[in-house]
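Lettering of chains follows the sequences in order, A, B, ..., and the numbering in each one begins at 1. We use all heavy atoms of the structure for the numbers below, so side chains are in, but hydrogens, waters and symmetry mates are not.
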Amino acid sequence: VEVGSTTSAADLRPLIEALAALPFVLSGPRGDGLRTERDRIVRLLEGVVARTSTPDAPLLVVVGGGSGAGKSTLVNTLAGRQVARTGVLRPTTHVPTLVSHPDDRAWFDDQRVLPGRIRIAVDDRPVDDEAHTGADALRVTSSDRIPPGIALLDTPDIDSVEHRNHHVADEALDAADAWVWLATARTYADEVGMAYLRRASARHALRAIVVTQVRPEDRGEVLADVDRLLASHGVTPDLREDIPLLAVEAGRLPDGNAHALAAWLASLAPVERRREVRAAALAGLLDAIPAEIVPLHRAAQAEADAADRLTGAVEQHLASIGDQLDRELEGGLPLRAEVLDRWRSIVGGGERLLRLQTTASQLGDVVRGRLGRSRTTPQLAQEEVAGEVARTVTRLLDRTARAVRLELEAHPAGRDVLAVQPGLRSEDRDRTAAVRDAVLAWQAATAALVEEVGRPRQQRARRQTTAINALATTAILVLFTLSGGLTGGEVGIAAAAAAASQWLLLRVLGEHNVARLLTEMRADLTARVATLAREEQAPTAAAIAACRPPADHLARLADVARLAKPTGGE
Amino acid sequence: MSADLTDLVAGLDTITELGPDRLAPDQLRAAGELRARIDERLALGDAVTVAAFAGGTGVGKSALVNRIAGSVVVDEGVRRPTTGHPVAVASHYDPATLALLDWLAIPDRRTAGGVPPGLVLVDLPDHDSVATDHRQVSERLAARVDAVVVVVDPVKYARADLHAGPLAALTAQSDTVLVVLNHADALDDHDRDRCLADLEERLISGGHPDRTLHATSARTGAGVDALRDRLADLAARRTAAVGRLLGDATMLGSRLAGRLATLPDRHLDVEVLVDPVLEATDAHRRVGEAEVSYRRAAREGSRSPLARAARVPVGVAAGVLTDLGVADRSVRPGRHRPDPERIAAVLAAELGLEATAGAAHTVLAGRVADTARDAAGALAATVVDVRPAPDPRRWWGAVALARGAAEAVAAAGLLWLLLLGLLRWLGVPEPATPAVTEDLTWPAALLLGGVALRVLLGLLTRFATRVGARRHRSQVADRLRAGLTATLDRTVVAPFEAERDRDRRLGAAVATLQRASG
């Protein structure tokens, strides 16, 4: 995107889209302001596109200023009749009023300027109807006192407690071809107003500054001070006028008190001058856009960084679950009594189980089956181990979920994510079935592995009438997982060799194969648990990703923000 | 010092003591500052009341001060902003007044006879002009003086930078805040009443239910006398200084109240904690081991001398096999190390940590983790302290003796029979064998009786061992449970109760602050 004085309006499309897509949900309490500012700049850019295509349209001259400065009174005076409400209650105006020459009315019936505002023709309505129009209205009327080619827009204030008024005024000023700024002799030094004048300067907006309610006796001193103040803030108006403190009749000043301003307006009306003024206004806007986008870009970049940090932290918790599992298994799991008994009878117990599947043992199985006790000791062990491992895995997943939640709660951006997705706060997850499936799958894979490793050995060992009972071997191996034996390293093997059955296991399978089995089993279990954790935390990752400003949009903003001149470079 | 203030100071001290960990640093600092300000202001006495005029540029603060003072002592320019530094105006300066102004750091002091006695007026710079240093000075002083006169005018009375600025910092004040609509002469009576009504509404919705509203005109002098009387009355009552401090305390209290990270009010039940902790510390294994070791010990202890002698070669063989690394029946599953994380998980669930959010969640999770880490070691030590091996039982020896006797009787019978058989084989005439009955001779009776007795003893011993092992198991389990309960009480429940007690004290202190001006 090429934003700058040479930009054509069509180039703005991608920037508008990029801006509009930024959610600004990770900035906490600042989010509201950022979203409002984003909407304002999007509207401004859309306005630039629309205005570029209609160079001959009447100039939109926006009357702005603080509450009570006399904006509505001035517009009424210029229109020659009361078109906008005036009064003592602050703020008086909530809805903007547009006055044009009757011939120019058609220009403002469509949505070319101030799009989204509902046009309400108020020619024959009383000015107090404001309360009955919505906040998103635009009151439209006409007066033949307004020169053709000029439209005056009366705006709400920029400084009252009604913050919505400020947004309406911002919207109007962003759409302005020229500004008429009002301040009273007592409020001209207010910071809020001066901030707007600085913005106008940055945009090279054509502006007239009117000091109202000037007491004749103070006039010289006040105007000199106004000029000094404007100069010191780098504000150079095209016209600086003053209006004395006068009694307001029917919402307007006595005739003849705004003739300098009326003449200035009339001088802008010819079509060539109009084109010139509008082109300058648009060029100034495009020039100023990078600087106005900088704060938004900075905030969006900060959000992206915060989201990336969160994602990184969550990722770290997920990545560490394997290590945690390893530590748990190496440390040994706390065993329930029945599992402990099973451990003793199988691992500590004897060769009997490991021994070959002899005719006698097969017969024994048949007899047990007849008696209704179809499950053998190794099978029972497998089931109990499945339960035990599942409990450990569940605990680890719980721990990870808590750690992730804590990570989110501890960071402001994380709290924002939780605010968007309150469901993430719930730790009550039903993961029983998933964990069970994963552990059973792991046991099945282990059994397959034992068979695969054992088969060649079995053939060679036939002469010794020793073969491997795969089921029992698997049972022993998985029991090891509960007791610090499944580390695969030397310690694990040594521990394995300490028990009689393991000694036999080593002899039958070979030390190398036992080590391989243990290593692969552990890796398999770790991988399965990591997958479970990742699946479980997928909503969190997705929520963070959804809140993060999209990278390509951010890049587009960065390209524009880079063009901003350093502040103070008038 | 009034009773209210004594409570307040105690409350602030409690907040300073317990605040770290529970309050954000800036909140803690605010409490410390208020505490210091109470001491400093009270030390300066209540003889003098300082009333500052705050407001936007051009509303006529200086003009009002001049009107009340009765002469032009402060510049009233038309250039904006006019007043760049605070100016104090009083009828005379006694040492107390001078000390007070030194404390407020207002060096510019002017004298005007019209200022009521005991009152010092301060003309503050504006809070809303392009001169940002004016705002800082104005905010600093408005936060320290005894009473604030907020001056607005028909143009500025609804300004956001007023209602979100100086006025927002003065909620919870009652008679120490006066709101003045100056330039009231610019409006006719009807408009002025509408304007005042609108302002009043905004004040109420902005958190100033006790607002005192005046309409004045510094130009015509209308309403100025009423304002002066009001200020004179405030000075005569000498309550403004304390009232201001109490109001500030209330505001601070309300700000703190919403952000206390305290424990959920849930009682920690040791009984509920014990079971998961039993599991987390692997105490179940201890219980299982108790039963096994009882059986083993009972078996060893009740063995007869003969059986004992017969087992010597078995022991030798087992030792050799173990040394060869061929078999070791004593191998046990790896010992579980207690994990603070598991205990933390149990605690978090019991405390209802899940229901908390944001900073409270973080703080509480940290406290739970700390407690669990401290408790884990003690809990593990408690489990280790409970020995699973039983003390030798007396009946084992008795059984061993009885078994030995039975075996001896059977052996005697056997020996006797063998001797008789040998004699018969050698053809030596047999000595007369005494008979118990006609069919049963003594040697046969001894042998059969001994064997039967030995078998019976064996059966009885096995039964007694089973019963004894079960009893020992449950004794160990009870001891573990009791030990863990005691340790949990000491390492978890007591610290949490203490913590909750501190939370309660902090909550009470904050509530005291909140009530201060009520």
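For the pair B/R159 and A/V161, the tightest heavy-atom approach, listed with the atom from each and the gap, is O-CG1, 3.6 Å.
Looking at B/K156 and A/T187, their side chains come closer than 4.5 Å, going by heavy atoms from C-beta outward. Taking 4.5 Å as the limit, every side-chain heavy atom of A/E191 sits out of range of all side-chain heavy atoms of B/H134. In this structure the side chain of B/D161 reaches within 4.5 angstrom of the side chain of A/V192, judged on heavy atoms. In this structure, A/H233 and B/V130 have side chains that are in contact, with non-hydrogen atoms separated by less than 4.5 Å. Under the 4.5 Å side-chain criterion, counting only non-hydrogen atoms from C-beta, A/R415 is not in contact with B/H361. Contact of the A/L89 side chain with the B/Y157 side chain is registered, since non-hydrogen atoms from C-beta on lie closer than 4.5 Å.
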Worked verdict on B/E279 versus A/R391 for salt bridge (Lys or Arg N to Asp or Glu O under 4.0 Å): CA-CA 12 Å; B/E279 197 180 309; A/R391 281 177 350 131; 2.8 Å; yes

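The most heavy-atom pairs under 4.5 Å with chain A, out of B/V155, B/V59, B/T362, B/D126, come from B/V155. In terms of heavy-atom pairs under 4.5 angstrom with chain B, the leader among A/G414, A/A189, A/P412 is A/A189. Each of B/G60, B/A197, B/A160, B/P154 has some count of heavy-atom pairs under 4.5 Å with chain A, and the biggest count is that of B/A160. Counting heavy-atom pairs closer than 4.5 Å to chain B, the top-ranked of the candidates A/A410, A/A419, A/G68, A/S160 is A/S160. Counting heavy-atom pairs closer than 4.5 Å to chain A, the top-ranked of the candidates B/R135, B/E291, B/R194 is B/R194. Among A/H166, A/R186, A/E221, the residue making the largest number of heavy-atom pairs under 4.5 Å with chain B is A/R186.
Residues of residues 182-191 of chain B that come closer than 4.5 Å to chain A, counting heavy atoms only, are B/H183, B/L187, B/D191, ordered by residue number. Residues of residues 223-232 of chain A placed with any heavy atom under 4.5 Å of a heavy atom in chain B are listed by number as A/D225, A/R228, A/L229.
Contact annotation for B/R192: neither backbone nor side-chain heavy atoms come within less than 4.5 Å of a heavy atom of chain A. Contact annotation for A/A185: only backbone heavy atoms (N, CA, C, O) come within less than 4.5 Å of a heavy atom of chain B. Only the side chain of B/D153 has a heavy atom closer than 4.5 Å to any heavy atom of chain A.
Within a 6.0 Å radius of CD in B/E201, other residues, nucleotides and ligands contribute 12 heavy atoms or fewer. Counting non-hydrogen atoms of neighbouring residues, nucleotides and ligands closer than 6.0 angstrom, the CG atom of B/D75 reaches no more than 12 such neighbours.
The distance from atom OG of B/S129 to atom CE of A/M194, rounded to the nearest 0.5 Å, is 10.0 Å.
Of the charged side-chain nitrogens involved, none lies within less than 4.0 Å of a carboxylate oxygen, so that B/R80 and A/D190 do not count as a salt-bridged pair. Residues B/E354 and A/R425 are not paired through a salt bridge, judged by the lack of any N-O separation under 4.0 Å between the basic side chain and the carboxylate. The pair A/E162-B/R202 counts as a salt bridge, with a side-chain nitrogen and a carboxylate oxygen less than 4.0 angstrom apart.
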